[in-house]
Structures are given as C-alpha cells and as structure tokens.
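Sequence lines set the chain letters: A, B, ... in the order given, protein chains first and strands last, and positions in each chain run from 1. Side chains included, hydrogens not; waters and symmetry mates left out as well; all remaining heavy atoms used. Owing to the predicted nature of the structure, the values given are computational and were not obtained by experimental measurement.
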Amino acid sequence: MSSPPVVPPSSPVAPPPHRRRTLRFGTGPEWSFAQLGMTAVATSGVVVYLGALHRAVGGFDGVWWLLALVPLVLMPWPGSAAPLALWAVLLTGWFVLTPEGTFSWWALPAAAGAVAAHAAHALSATSPPAGSFTRVTVRRWLRHCVVALSAACAVVVAVASLSSRDLTIGAVGLVVGLLGVAAGLAWVRTSPPSSAD
Amino acid sequence: MRATASRTLGVWETTAAHQRAIALAGLGAVLAALGRRPDLLVIAAPLAVAAVWGQLARPRVTVEATARLTDVTLREGQAVALHVVTEPVVPDVHGVVTLAQVPFVDRQPGSGIALLDDGAATLGVRSTRWGRRRVGTVSVTLTSAWGAFRVGPEELPDLDTATLPVPAAFDASAPTPHPRGIVGLNRSNRPGSGSEFNTIRAFHPGDRLRRISWPVSLRTGTLHVTSTFSDEDAHVMLLVDAFSDLGPREGIDGRPTSLDVTVRAAGAMSEHFLRSNDRLTLRTVGAAEVPMLGTGSGTNHLRRVLDTLALITPASERRDTGEHALRGVDPNALCLVLSPLIDQTMVGLAHTLAARGMTVVVVDTFPEHLVAGTGDVYQALAWRMRLLSREAQVSSLRLRGVPVVPWRGPGSLDQVLRDIARRASAPRLSRR
C-alpha cells in the first residue's frame, strides 16, 4: 500500500528580479540604497549651496560647513519640520553674509542645491526607510527639478538685466509684494478639494 | 476567513515638504524684498515653482484601496500572491504598499514594501507554519507630485489565512486491525468477496463462474472455486495531544516542535487511512475551540481533519481532562494516541483506553533534537530528569500492554500493527 504523494510547497509568486540591497546601522532599521542615495543628494545640495555662498561672499567662518552634516542627521526624519529649519538657517545665512544690493551668479548653483535637497527630502519622505523608488519615479522627479530650476534661470536672467538699475523698492511696491505673498499663502491654505463626482 | 479587504483612504493632506516649499519660498521672497537681496529671489524661485506645482496638482478624488489574497487556504511553505489595487488610478502619484511583519509569514520582497504601478501592486506571502493566522496589516500611502499632498498610510482590515499542515511522509504495509465495514481495503477474517486468497472449496450455488478453479475441478472431477477473504474498512481514532508544544517554533523551514511533529504525523496518518477507505475520528485534548470532528471517510473528511488540526492552539485549555474526547468512541476502533508524553493527562488517557479493552497504540512525537543540542549544563540536567520521569510513564504503558512507538514516518506502525493482528488471531482464554 503506497502513500499518496505529499503536496510539495509551491510558490506561485515569482522571485524578485533583483536582489534587495539594504544597510543597517547598529540596531536601527534597514535602509535601502535608494534612501541612502536620497540622503546623499540632500547632503550634496547643502554642500553645493554652501560652496556657492562661499564663492559669492569670498569666504566665511568654517562653522557654516557643519551644516552640511545636518542632512545625515536628519535621515530618519525627512518628513518632519527639521529640513525646513535647516533651510531657513541657510537662507538666513545667505541674507546675513551677502552685502545689501549685490547680485552674484553663484545664486544659480545655490538654487540648484536648494531644489535638489528639497526634492530629495520630499521623495525620501514618501517611502519607508527600506523602500526604494522606481526609475520612472526618479526620472519624473528629475524632470520636475529641471523645470523648477528653469524658473530660477529665468529669474537670474531678469535680475542680472536689472542689476545695473536702482532696485530700491518703494513703499507701494513693498505693500503690493507682501500682499501678493499673503494672497499666495491664503490660496494654498484655503484651496478646498472639489467633490469626488 | 477574510480574503478581501477594502477601505477608503481618506482625505489628502499637505505634507511637510509642501509646507517647507511654501515657507521657504515666502521667506526668500520677503527677505529678498526687504533686504534688497536679488540672489535670494533666484534661490526662492524653484521652491516657489515647487509650491505652486504641488498645489495645482493636488488630487481631489477619494481613493479606495483593496487588498486580495489569491487563496486563503494554504499548505505550510506555500506562497500566495497579495494583490493591492487603488481605484481610481490617480496620475502622477507615488504609491507605496507596506505589509507588516508577523510571525510565520514570509514576505516577498523581504521588506514588505511594494510600489504601486498604475494603481496596482503585488506582494508574495508565504506561510511557514500550520494554523490560522492573519497575514500582516496592509497599509497604503499615496503621495502627489512634489510630495505635496499625501493620503495614508491607511491600514486595511486584516486578511486571514488557514495554513494546513503538510502531512509527513507515512505509509503502513500492515493491515488495520478490527475491520468491520464494507468498503475498505483491509483483509477481514470473514470469507467473502475480496482480493485476499482464503481457500479452494467445492462450488456452491451462487458462486461466481469466474471464481471456478479449473485445474482443481478437472483433477477432482467436481467444480471447485477459489474463495477469498472480504475486504473491509476499519475505524481509526486519532487522539492528539495539544498540551505541549516543546521546542523553538521555526516553521516548516526549521526544526519542528513537538506539536509540529504531532500535527504533521496526524495529518499523515489521516491521509493514509482515509485514502485506504477507513473511517477516521479525530479528537484533540488540551486545545480550546477545536470542534469535535465526527467519524468520516474519504478525501472530504481528510480536508476536514486538516482544517481541524490547523485550529489547534497549544495548551489553550489546560483544565481539559480528556474525558469528552473519549465519549462515544467505537470500541473496535484502533486508537492512536499522538503525544510527546510530557503531560500526565495523555498518559492517563492511554491507560483509560487500554483499560476499556480497546486497541491502543501510543505514537511518541517527542523531537529528539530538543535534548541532542543542549549546550547548557543545567538545561541538559533538567531534560535528563524529565526524560527519566517520562521513561517511567512509558514503561507503565508498556506493562499494561500498550505499545509505544516513536514517530519515524513511513513504516512507523507496521511492526506494531502486525503484532496486534497476530495477537487478535491468537487463541484466547474466554469465559464459558
């Protein structure tokens, strides 16, 4: 009397085409190489920004370079308010270190660093530490960054053409500009979602 | 069991990234205007674009996510696909599906994270141990362009699976004792229509013509026929010890616990006896919420047996004396007690069954690796003392005439079943 064959364990799900590569720091969570890459991009953005600022003002205190390490520290919290604080400090640094009424072409690489770091933080926050991103997603975000950077190019051309003129803003212009900023903020705050249908 | 779960993902909310873009663009613009720093306007311009773009691309639809398992009843080690779909499909949205880690469920990919492609993602789920359990919680997150708006992570209702034990390999060449039915494959002691040769006797009216033995008939001059023993089915009762689950639980890919051995052995024996058209009863002791499975036969009953085995939760009813399990047992049934013989209750039940005059065989499912690889001196000493006590219990069973055989897979019961059949056919002292 023979026993019927035992049902072998089957696997209807195809194995993943690529081996997953992750890294673990101590007892912390697993980090995918894609997420580590995003952190590297964010760090590079800060470095580029600081480098541009350094060239624009002709040198500054070396303590500022420590800010380049902050994205590494912020790696577990890309979706928090900490990157905002970092970049607020960096913008304030540009404001403090550059003389009033001057213009430098180094603002363009600084803008590139800022938008790259912003996009890296934003993309990193969309996925868990062990998550990755498809090439389609990365290409889409790259396109977005290029488009956003083209706005900086347009602005830098406009500013360069106007730099020889008197850029002092009158009281009316200041009020109009601030009202524009306020209107923009009000728009993003009160834009309600339309009904599903 | 739940094979499909759906949930509306809720309201799209702004993210820190969007707020950062708005705040930095506003801060840069204000500082540039107030401090006459046109550089800051250049730096703030791409961030302003990101803020406006993210705001304009804000999704305004309510998305519903659905998770579906392709099969809810698995075998140990079997994998199924978990499909996650979001509807409607929102363009330019980055979607992430995560599957939480739970014991005895392997995820594929190992991180449990899958990206939504056109609103659909597929993960692999592999159950590595028998039993009913939930696969990990599925959560879905969608993020719009520039990471400006997000919905989720929203957890979907949990999905359930029933993992049936993979029966161990088992075979028995010895017949089951006490066949009483009409449809089995076991040779009975009664002559009748069957395949096992009995004798050659003179032809009687009613005998089939194809049974005529022509050589003997020609030699003797009178018609003779070949008679056979009838084939009948037997009744087997499996008594499963759920009191003990000794050893680390490593699933199908690791070393078995005592309950793993017990359950897989019960599955293997059930498969063997039910495919031999025997009737089978399954009783469990020490597990709560396991229904009493009645007597049955056939492949449908095998499925019911495996389902019942998958319901066992070890030691969930410590006060169980096993009395209910022995109620209504056929006195001619072959009682197979599957136990690691650690809990005294099972030894007592085996004694009780033997005292009732039933045919009892104890199948020892104690895994040897528990004591073989003990590196700790004190643990080894504790095991040694416990095994000495266990040996005394086994000896008491053998003294009563209850055979105790270790589970070895195929052929585990051959010798003992042959001994029982021989004992049944031997002359016995009877009262007159």
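Contact between R20(B) and P78(A) at its shortest, heavy atoms only, is NH1-O, 4.0 Å. When every heavy atom of A125(A) is checked against every heavy atom of R150(B), the shortest pair comes out as O-NH1, 4.2 Å. Listed here is the closest heavy atom pair of V96(B) and P128(A): CG1-CD, 3.8 Å. For W146(B) against A122(A), the heavy-atom pair with the smallest separation is O-CB, 3.9 Å. Annotation for A130(A) and S111(B): closest pair CB-CB, 4.0 Å, computed over non-hydrogen atoms. Looking at every heavy atom in both residues, A152(A) comes nearest to A45(B) through CA-CB, 4.0 Å.
T98(B) touches chain A through its side chain: at least one heavy atom from C-beta onward sits under 4.5 Å away, while N, CA, C and O do not. Residue contact with chain A, scored on non-hydrogen atoms closer than 4.5 Å, involves the backbone and the side chain of A21(B) alike. Both the backbone and the side chain of L31(B) come within less than 4.5 Å of a heavy atom of chain A. Both the backbone and the side chain of C145(A) come within contact range of chain B, with heavy atoms under 4.5 Å apart. For a residue to count as touching a neighbouring chain, one of its non-hydrogen atoms must lie under 4.5 Å from one of that chain's; by this rule Y49(A) touches chain B with the side chain only. Heavy-atom distances place the side chain of V49(B), and not its backbone, under 4.5 Å from chain A. When heavy atoms are compared at a cutoff of 4.5 Å, V63(B) does not approach chain A at all. In this structure, the portion of I113(B) lying under 4.5 Å from any heavy atom of chain A is its side chain and not its backbone.
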For L84(A) and Q19(B), what are the C-alpha separation, side-chain angles and deciding distance, and is it a side-chain contact (heavy atoms from CB on, under 4.5 Å)?
-> CA-CA 8 Å; L84(A) 169 62; Q19(B) 292 166 357; 5.9 Å; no

Problem - Trace of the side-chain contact (heavy atoms from CB on, under 4.5 Å) decision for V147(A) with W53(B) - result: CA-CA 10 Å; V147(A) 171; W53(B) 190 336; 3.6 Å; yes

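Here T137(A) contributes atom OG1 and H94(B) contributes atom NE2; the two are 5.5 Å apart, rounded to the nearest 0.5 Å. Between T143(B) atom OG1 and L123(A) atom CG the span is 9.0 Å, to the nearest 0.5 Å. Taking CH2 from W87(A) and CG from L47(B), the interatomic distance works out to 8.0 Å, rounded to the nearest 0.5 Å.
Put simply, the side chain of D39(B) gets close to the backbone of S104(A): a donor and an acceptor are under 3.5 Å apart.
Taking chain A as the reference chain and counting heavy-atom pairs below 4.5 Å, the highest number among V42(B), L41(B), L40(B) is found for V42(B). With respect to chain A, the highest number of heavy-atom pairs below 4.5 Å among G267(B), A50(B), P46(B) belongs to P46(B). Put simply, of S32(A), A52(A), A56(A), P83(A), the one with the most heavy-atom pairs under 4.5 Å next to chain B is P83(A). Considering only heavy-atom pairs separated by less than 4.5 Å from chain B, the leading option among L108(A), V156(A), T98(A), L149(A) is T98(A).
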